[in-house]
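Since the structure comes first, as structure tokens, the remarks are kept for the end.
Scope of the values below: all heavy atoms of this structure, side chains included, with no hydrogens, waters or symmetry mates. In the text below, chain A, chain B and the rest are named by the order of the sequence lines, each starting its count at 1. Nothing here was measured: the structure is a model prediction, and the numbers come from that model.
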Amino acid sequence: MEGFEEAEILLVEDSPEDAEITIRGLKRANLGNKVLWLKDGEAALEYLFADGQFAGRPAPRPRVVLLDLKMPKVDGLEVLKQIKADPRTRTIPVVMLTTSTQEGDMLRSYDLGVNSYLVKPVDFKQFSEEITRIGYYWVVMNKVLG
Amino acid sequence: MSPGSERGRPAPRSAIERQAFAGFFSAIVIVALVAFIGYASARRFIETSRSVAHAHAVLVALQGIQAALNDAISAQRGYLITSSENYTNDRETAISDLETSVQLAKELIVDNAQQARLQLLEQQLAKRRALLDEIVVLQQTEGFEAVRERMLAGDTRRADSDLRETLAELETEENRLLSARTAADLRAARWMIGALLGFIVTVVALLAWLFNRIRTGTAELERTDAAVKRYAEEVHDLYNRAPCGYHSLDENGVFVNINDTELQWLGYTREELIGRKHFIDLVTEPGRSGFAHGFSLYKERGQTSDVELDVIRKDGSQFHVLLNSTAIKDENGRFVASRTTLFDITLRQQKERQIAVLNEQLRQQTAQLEAANKELESFSYSVSHDLRAPLRRIDGYAQMLEEDCAAQVAGDGKRYIDVIRRSCQRMATLIDDLLEFSKLSRGEIARRAINMTVLASRAAEEALAACQGKRPQLIIETLPDAHADPALIQHVWGNLLANAVKYSSKREEPLVRVSGVRHNGSVEYHVADNGVGFDMRYADKLFGVFQRLHATDEYEGTGVGLAIVQRIVTRHGGRVWARGEPDRGATFSFSLPAEDA
């Protein structure tokens, strides 16, 4: 994986295959080298808050966090909650990238302040295009602080 | 119990009494009159007899005068002829008789005119007697020849004839008076007889009328009595055979009255209870103090209701009753007796317990159902998440294979990869449709009035937008409103219109027409297309899940759409059906119950 400090996109995804597909899509937008992939929510939180295995490092500020919902240990909603609760990380855009179309999940996510909610389509082409667009939008187009 | 005793005499009775009284009084009056008339007649009759007797006496007296006079004159003549002393005596006797008769006549005659005549008669008699005496003296002094000359002079004859005339007048007048009297009596008698007859007829008529009135009055009374008796019997019957128990207690709580129903419930005979048993003795131990207290309060207040007690039968078994009571009080406000209604609510109690048990069961079942529903929801969620992920990967890696290993997979390899990818897509669609179907089967239906024309138009627009082939001409008529869940019905329209558009898209002039009609108790909607149609033989397969009548390469679809439509419509209480002909189009219809159905 790429260097931590330069990660502009934090991808939190527990399935390596899904991660590969997503990163492939991001590569299409020439964002492949800006991605940090973490396998579970705990690692993601430790990274964002410079804690645990990432202790001692300067706090990162990715331009977007692509977050899966269903993950072992700490799941997506919990990560979202903590990101949005802490003033240090509240302003980081979080995009839910999940298979779940459940209205309940969507509702809870928006309740917790998610910036966008995307459902992964099965069709690879479609997915690829979406990821490309997402990456381009949040990393290139979207303006952030700092 | 007898009704009506407080109400007073019924009307007919007093009317009859009045009439009878009037009639009898009139009859008595008339009888009195008749009696009076009879009495008056009798008196009159006696009077008349007396008058007649009187008149006869007068006539006899007058005749006596005449006779005595004749005797005297005869005796005189005898003496004149014979100069015998015998004739002097006879003459004396005759004159004495004459005086007696005159005296008698004077006593009897009362009429003034007659009295005048009588006075005249007396004068004439005196004159005649004087003449008699004169002649006797003449005989004694001058002898028979002088007498003969004197008598030839005629004044004795004139005196006699005057006397005879006067007597005759007296007699005639007396007779006239008598006949006048009898004539008057006759007239009076006729009047009286007439009046008598009249009164008697009146009395008879009166009595006849009276008899009739009394007869009809008695008949009416009998009818009224019979009716009263009938009502009394009816009330008695109603009381005894009521479906609830009736009883009355006196101020000490002892039975004074009880109906058959309650006796049956209790298992006692009337004799065992009335005047002997206190009601409180039949109440179970726990209820007794409450009853005793309640009873005295009730006697004050005059009524009580909805009292629940357990009552002991004669055989010791118990049953549960509901009691209402009104107190009967006398005019001074003192308690006389209670009038109580008893309902056996043992059954009701049992039923209430059963209901409670059933409710509990229902609660449990509902809880189970809710739990099952929740399980199903989470299951659907898992399916939605867990099944899609591998599919995405299959598709993704197949594509990556194609992109990265283009050289190795050229030709057949590419085709295989296409199949893999298409299959993934299909599976994803199937999963989506299945999930949708399951979701729509479970959710709550929120009914409201919805504008079907608007819903159908919206669905039509989407269907047209998604149309792959030739866009059909789409006509939506004005549709009657429905009472249903708008989101679910939107699905129905979406499916039906998407189908109609899809299956007619290969036509030269594709046409879809939407119509609706309101019936008594339901509303019907029709979506008709001129598309490929279907064989009616397979009509019942149309609405099955995943059932299709056309191959996927002919027409896209998973076969869940119509199953969803049927599910939604059935859950609303409606019906779906379809008619079609191969190559001649099809009409899909559904009905929904009307709002008040």
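- Between B:I489 and B:L592, the closest side-chain pair of non-hydrogen atoms falls below 4.5 Å.
- A:R63 places a side-chain N or O within 3.5 Å of a backbone atom of A:N142 that can act as its donor or acceptor partner.
- Salt-bridge formation is not detected for the pair B:R392/A:E17: no Lys NZ or Arg NE/NH1/NH2 atom is positioned less than 4.0 Å from an Asp or Glu carboxylate oxygen.
- Contacts between residues 123-132 of chain A and chain B, defined by a heavy-atom separation under 4.5 Å, are made by A:D123, A:F124, A:K125, A:F127.
- Using a 4.0 Å cut-off between charged side-chain N and carboxylate O, A:K39 and A:D14 make no salt bridge.
- Taking a cutoff of 4.0 Å between a charged side-chain nitrogen and a carboxylate oxygen, B:R393 and A:D18 qualify as a salt bridge.
- For the options B:M400, B:Q399, B:Q425, heavy-atom pairs under 4.5 Å to chain A are most numerous at B:M400.
- For the pair A:K70 and A:E13, the salt-bridge criterion is not met [side-chain N within less than 4.0 Å of a carboxylate O].
- For B:R421, the part sitting under 4.5 Å from any heavy atom of chain A is the side chain, from C-beta outward, and nothing else.
- For the pair B:L562 and B:N499, the minimum side-chain heavy-atom distance is below 4.5 Å.
- When each of B:D404, B:I394, B:D432 is checked for heavy-atom pairs under 4.5 Å with chain A, B:D404 comes out on top.
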